[in-house]
Amino acid sequence: MPVITNIEDLRALAEKRVPRMFYDYADCGSWTESTYRANESDFQRIKLRQRVAINMEHRSTASTMVGQTVAMPVALAPVGSVGMQHADGEILVARAAEAFGVPFTLSTMSICSIEDVAAHTKARFWFQLYVMRDRQFIERLIDRAKAANCGALVLTLDLQILAQRHKDLKNGLSVPPKPTLTNWINLATKPRWCLGMLGTQRRQFGNIVGHVGGVEDMSSLSQWTASQFDPTLNWNDVEWIKKRWGGKLILKGIQDVEDARLAVSSGADALIVSNHGGRQLDGAESSIRALPAIVDAVGKEIEVHMDGGIRSGQDVLKARALGARGTYIGRAYVYGLGAMGEAGVTKSLEIIRKELDTTMALCGRTDIDTIDKSILLPGTYPA
Ligand SMILES: Cc1cc2nc3c(=O)[nH]c(=O)nc-3n(C[C@H](O)[C@H](O)[C@H](O)COP(=O)(O)O)c2cc1C
């Protein structure tokens, strides 16, 4: 077993243990992947100010996101098909997040259903909603999330139509994998994954199968989903969804100041500066570059969160310094899950918290809630 010291180690182990089709599904972006890469590399350009001879004892990374206490300002982003990275994936991730004291967001496109995750955890998880053409299905999903006592609804706005990821097409991505010769050969090299999958019944989209008329098996499911993402989604829909939900509402996928202002007008509790981890508009600005202008424009009126490219506690600290009240990790925990199951997700959170805590101290601060731009070296960050 290799010594795991950072998120890159978890990524490398996940690459060995997860079938190629599902590993590639996570570690890729749309088209040229330029936005996917920029999300990470733009963090590297921002430099921190080293401070010394300041009392660094009694530190705290605890904060709040939409009023909820969090052990650190890092939530787990909604990721589709997590239960294909590792058997029972969503339940394992939810448990790790609960034990750590950070929110987990369950995707509409999860393998384990809302009810299943609720039955295996005590903490309130958050639910991410994709708007589908079938509005009755959406109403039922919102009601199911309410019945499961979800703590917030994360409404994703940046996937009205799907961008293209070349690798998914080349790998013939499907849930469960198609029994082609290439897939059999690849699966033969992933015994842990196969054993896990043989030991679970959770191998389909749990929020959908059995909850939509006519969708009872894999082929009807793929036809249904392909035609369902709603290209007509608009701000009036946000209004009815907000009303029907009635709880904390977080709007995900805002990259533009004008959209941020509309998000404020919608009465949402928070917005997430996000480009879907570089999986939708290839050529969009990285999230960390888009963040400061949005914080400047609406930061006093709405809680601003961000995701995209976070691979370390240093990245979380930089996002905080540029005004993000909360951040989300996607691939960082997905790699942990693929590498080592629940323990790997816990490991990813531990790595990030340790990096965050130590880096904050080396910048001369002891409380995450006091972090602002003054910890950054002028001229190295987007204004
Ligand atoms: C494999 C994968 C699947 C995703 N599925 C969803 C999803 O179902 N719903 C959603 O709102 N965002 C989804 N996202 C986007 C994430 O919520 C998040 O915005 C992104 O992963 C953040 O970037 P990071 O992975 O660099 O941390 C997905 C991302 C990945 C990598």
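Counting starts at 1 for both ligands and their atoms, following the listed order.
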Using a threshold of 4.0 angstrom between heavy atoms of the protein and any atom of ligand 1, which residues qualify?
->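 Ligand 1 pocket, heavy atoms under 4.0 Å: Tyr25, Ala26, Ala77, Pro78, Val79, Gly80, Ser107, Gln128, Tyr130, Thr156, Lys252, Ser274, His276, Gly277, Arg279, Asp307, Gly308, Gly309, Arg311, Ile329, Gly330, Arg331.
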What pairs meet the side-chain hydrogen bond (donor to acceptor under 3.5 Å, both in side chains) rule with one or both residues in residues 92-108, with sequence neighbours excluded?
->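 Residue pairs passing side-chain hydrogen bond (donor to acceptor under 3.5 Å, both in side chains), neighbours aside: Ser107-Gln128.
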Ser286: partners by side-chain hydrogen bond (donor to acceptor under 3.5 Å, both in side chains), with sequence neighbours left out = Asp42
May I ask you to decide if Phe100's main-chain N or O and Arg353's side chain share a donor-acceptor pair within less than 3.5 Å?
->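 Absent.
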Examine the side chains of Tyr335 and Arg311 and answer whether a donor and an acceptor come within less than 3.5 Å of each other.
->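 No, because no side-chain N or O of Tyr335 sits under 3.5 Å from a partner of the opposite role on Arg311.
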With Phe43 via ring-ring contact (aromatic ring centres under 6.0 Å, His included) - residues at least two apart | none
Would you please test Glu139 and Trp240 for side chain to side chain donor-acceptor pair (under 3.5 Å) and show each step?
-> CA-CA 10 Å; Glu139 288 177 2; Trp240 75 256; over 6 Å; no
